[in-house]
Structures are given as structure tokens and as C-alpha cells.
Amino acid sequence: MIDHLRAKGLGVDPVCRELDLSPSTYFARKKRPKSARRLRDEQLTPVIEQIHAESGGIYGARRITRALRRKGVEVARCTVERLMAELGVEGVIRGRRRRTTVSEPSAPARLIPAPFNRPGFDVSCLFRHVVSGSLSLAFPIPT
């Protein structure tokens, strides 16, 4: 961010002052070489993207890890999982996802009166048609 603002003509000192950051910290960070993890991530990222694309977007972290090992690249599955999350790619999920309630879009939600009333509460019951039947919820609202 500071580099971006420097390119626009702002100085390092005023920007660091606004960020409550010492300018010497900024310059020390700029001088520091990239970590081994970052260098390794930069090597693995294009290979992971390539394997994922070759699989048609089907392979998940486990299969990509195995494909990398077949290519002679020794890598941990947790590393592949982390890099896939950073890239925003995921494999196909097996089975069906659990859906608890599926509302029927053609049936509008409607309020029906509750069969009971308590003093000091306005009780309304929400009635909604769903695919497998109906769903009723009661919400007591203090008055």
C-alpha cells in the first residue's frame, strides 16, 4: 500500500505517520528477502492451477497432492489446501449437500392468526409452504 502511495507522489514519512508505523520498519521490510515459504508458494501456485485446469476443475486438494507427487514434487496436503483456498479453487464435492428446508417459490409467505393469545404479547404465526409440506413458526412479540 505504501509503495502504491509513493508512486502517486506521497512521501513515506507522512503515510507511515497516518498508519502508526515507523518508517524504519517499512524500509527494513522492503530490504528483507522473501521467506522460503513464500518462494515455495510462488513455485507451487502455477503448478496447482495447471493440474486443476487439466482435471477440468474436478480435482480437490488430495488428488492435486497426489498428482504433484507423481510429477516428483514433494508437498504436504495442508500446503495444497492453503494455496487452493488463496487461489479460490476447489474440487467437486462428492454426494449431495444437506438441505434442511426448501421453500416453494410459487407459494407466498402469509401470516395466520395464532390459536392462542397471552396478555402483553402479540403473537403471530408465520406459515410457509415448502416442498415436503409446510412450516409454521410462532414469534411472540412483547407489546
Side-chain angles (χ1 to χ4, degrees), residues 1-116 118 121-143:
M1 181 174 105
I2 295 175
D3 291 334
H4 176 70
L5 293 172
R6 271 182 87 183
K8 289 189 171 188
L10 294 173
V12 173
D13 289 337
V15 173
C16 287
R17 198 174 316 118
E18 287 298 317
L19 296 173
D20 287 329
L21 182 71
S22 169
S24 62
T25 304
Y26 165 74
F27 288 114
R29 176 75 173 114
K30 289 290 288 181
K31 276 187 191 176
R32 190 178 314 136
K34 291 181 181 179
S35 66
R37 175 178 168 168
R38 186 165 177 185
L39 290 172
R40 174 88 167 148
D41 289 352
E42 288 175 358
Q43 289 176 343
L44 289 174
T45 300
V47 180
I48 290 173
E49 286 178 325
Q50 175 193 0
I51 292 172
H52 189 263
E54 287 173 357
S55 74
I58 294 174
Y59 282 8
R62 287 171 58 194
R63 285 187 173 181
I64 289 179
T65 304
R66 289 179 184 152
L68 286 169
R69 288 183 180 160
R70 281 193 301 269
K71 289 186 173 189
V73 179
E74 198 60 37
V75 62
R77 189 179 81 224
C78 60
T79 303
V80 174
E81 289 171 351
R82 179 176 53 80
L83 291 174
M84 285 180 69
E86 287 177 11
L87 292 169
V89 296
E90 62 180 16
V92 174
I93 298 170
R94 291 184 189 168
R96 291 194 283 172
R97 295 181 186 209
R98 176 178 292 181
R99 294 182 71 181
T100 55
T101 304
V102 180
S103 62
E104 187 177 318
S106 62
R110 58 188 171 126
L111 291 173
I112 59 171
F116 60 93
R118 298 181 96 194
F121 283 93
D122 178 27
V123 180
S124 295
C125 183
L126 178 68
F127 183 79
R128 180 82 176 162
H129 288 282
V130 290
V131 172
S132 62
S134 61
L135 173 70
S136 298
L137 298 173
F139 300 101
I141 302 169
T143 55

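Just so you know, residue 1 is the first one in the sequence shown, and it goes up from there. All values derive from a computational prediction rather than experimental measurement.
When all heavy atoms of P23 and D13 are compared, the closest pair comes out as CG-OD1, 3.1 Å.
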Trace of the side chain to side chain contact (heavy atoms under 4.5 Å, CB included) decision for V12 with F27: CA-CA 9 Å; V12 173; F27 288 114; 4.0 Å; yes

Audit row: E49, V89, side chain to side chain contact (heavy atoms under 4.5 Å, CB included) steps and yes/no: CA-CA 8 Å; E49 286 178 325; V89 296; 5.8 Å; no

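The distance from the CD atom of Q43 to the CD1 atom of I48 is 11.5 Å, given to the nearest 0.5 Å. Here S22 contributes atom OG and R17 contributes atom CZ; the two are 11.5 Å apart, rounded to the nearest 0.5 Å. A distance of 9.5 Å separates CG of L87 from NE2 of H52, quoted to the nearest 0.5 Å. Once rounded to the nearest 0.5 Å, the distance linking CG of L83 with CG of L44 reads 6.0 Å.
Contact of the D41 side chain with the R37 side chain is registered, since non-hydrogen atoms from C-beta on lie closer than 4.5 Å.
Remark: E42 pairs with K34 by the side chain to side chain donor-acceptor pair (under 3.5 Å) rule, at least two apart or across chains.
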Going by atom type alone, with no hydrogens or angles, which donor-acceptor pairs under 3.5 Å involve a side-chain atom of residues 62-70 and a protein atom two or more places apart or on another chain?
unit_1, atom_1, unit_2, atom_2, d
T65, OG1, A61, O, 2.6
R69, NE, V75, O, 3.4
R69, NH2, V75, O, 3.0

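When the shell of 6.0 Å around NZ of K31 is examined, it contains 12 or fewer heavy atoms from other residues, nucleotides or ligands.
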